Amino acid sequence: MLSASVTIDPAFVVGPVRPRTFGSFVEHLGRSVYTGLHDPGHPTADADGFRGDVVELTRELGVTTVRYPGGNFVSGYRWEDGIGPVEQRPRRLDLAWHSTEPNLVGVDEFVRWCARAGVEPMMAVNLGTRGVQEALDLLEYCNVAGGTEWSDRRRANGAEEPYRIRMWCLGNEMDGPWQIGHKTAEEYGRLAAETARAMRMVDPDLELVVCGSSGSQMPTFGAWEHTVLTESYEHVDHISAHAYYWEEDGDLASFLASAVNMDHFVDDVAATADAVRAAGRHDKRINISFDEWNVWYQQRAESRPPSGDDWPVAPVLLEDRYNVADAVVVGNLLISLLRHTDRVHAASLAQLVNVIAPIMTEPGGRSWRQTTFHPFALTARHAAGEVLRLAVDAPVQETAKFGDVPALDAVATHDPETGGVVIFAVNRSLTDDLALEVDLRGFPGLRVAEAVTLSNPDHTWSATADDATSVLPRTNTTAKVADDHARAELPPVSWSMIRLERV
Ligand code: AHR
């Protein structure tokens, strides 16, 4: 048995728990929208054709914001195709995913879906094939009350009140050579700055996200952020970060340490933003919108788009089946995001339904929760108040990709109103239980309210429509508090949540 000790103290505050940390992402890609969110023939469908079961699961997941409509898709998207009478909307080639886009869902339907699901929309504009004018048109359609061409078109389409969307992404992954309309950092930085400046003339209260890197492995990482922010610093609020992790060559130890990469990524982007701040004598700080993150098995066949003459509507694409180890990594990535709550002001689990998603659906049929659903839902529901920095003393384990990493990773939140403390912890060991001891002398008089652990002797177990419940987070009966110390045993390859309340 390994052992690790942690000290927490109410004074070690990193920053507030931000609701926007628990955002997600819906792209017109594969079955994310069509037969995912939207399935008019489904028994639970509403007047717009949106599935009620998926809305319920989205609420249970605790998602706060949803980024839309892409992703790579947005870089070739004409948003006007998605408004007005559905039967008159054009079908278009979606070059990003080699599919046909029927435009049955557009901005009006999406905003109505957000209201139903109780989430804040986060809109992306096309800066791949389009530019400042089209971004302004969409903003006018969404946020201007009335009396102009586009705002009156919205009203004519049934939305009398403006949508008042606050968060806007200035394109998507413009550093990626795969992106339609891919640009150099200089080209994109100028375009983003000009788009942001014009958008603020319409609505000064917007929060604007400029594209950072598509991953820290990109050859332009660092230099891209520096150049783009040098061009756009005063006009934007956040810089995006995207990261996907996957098990390579069966190297589970490295995979379980994926959050180490996320930690470095955030630290490096924040440092670069601060360097631009210093050089430009700027007052404000640019924070991070980690608006695509997840585990993604990119080498699997389901991740390959169709080709040739085949341009299907809503093909099966990126439908990863997540196992228990994936869920442990997702829980650990959330620990990393919370730990950086001082600089990560928004994040989006990519994606929400069917496409690398915690929620799966059958067309016209059942829906179910993947393993990754559980750590996300529990963290979103119970992380509250302030994030605390922990002092951790844990054994290290060797990984091929990240060198020696701590076997334990953890973060805690403290709600000053209730006095409650929640500890989120991962045991990265492949083989050993870990005895966790938490020094709570800074929080006298706590007891265990709930302790759950997600693990399974077979960490490759995945949920299916037929069996989504054999492996769920289970009560961890070893969790106890005595002498102002919490103790619990964490099995190998596990994610846990220990909720402590005032006696
Ligand atoms: O989420 C899937 C894809 O990953 C998105 O379209 C793109 O932005 C990223 O490369």
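Model, not experiment: these values are computed from the prediction. Just so you know, ligand 1 is whichever comes first in the structure, and atom 1 is the first atom listed for that ligand. Numbers for residues simply follow the sequence, beginning at 1.
H345 meets the side-chain contact (heavy atoms from CB on, under 4.5 Å) test with R18, H238, N287; sequence neighbours excluded. Residues passing the side-chain hydrogen bond (donor to acceptor under 3.5 Å, both in side chains) test with T129 are N126, sequence neighbours excluded. Considering only residues two or more places apart in sequence or on other chains, S75 meets the side-chain hydrogen bond (donor to acceptor under 3.5 Å, both in side chains) condition with Q179.
Using a 4.0 Å cut-off between charged nitrogen and carboxylate oxygen, R166 and E207 count as a salt-bridge pair. Look at R130 and D137 and you find no salt bridge, because none of the NZ, NE, NH1 or NH2 atoms lies under 4.0 Å from a carboxylate O. R190 has a carboxylate O that lies under 4.0 Å from a charged side-chain N of E194, or vice versa, which qualifies the two as a salt bridge.
If you look at ligand 1, the protein residues with a non-hydrogen atom under 4.0 Å away are F25, E27, G71, N72, W97, N172, E173, Y244, E292, W296, Q351, I356.
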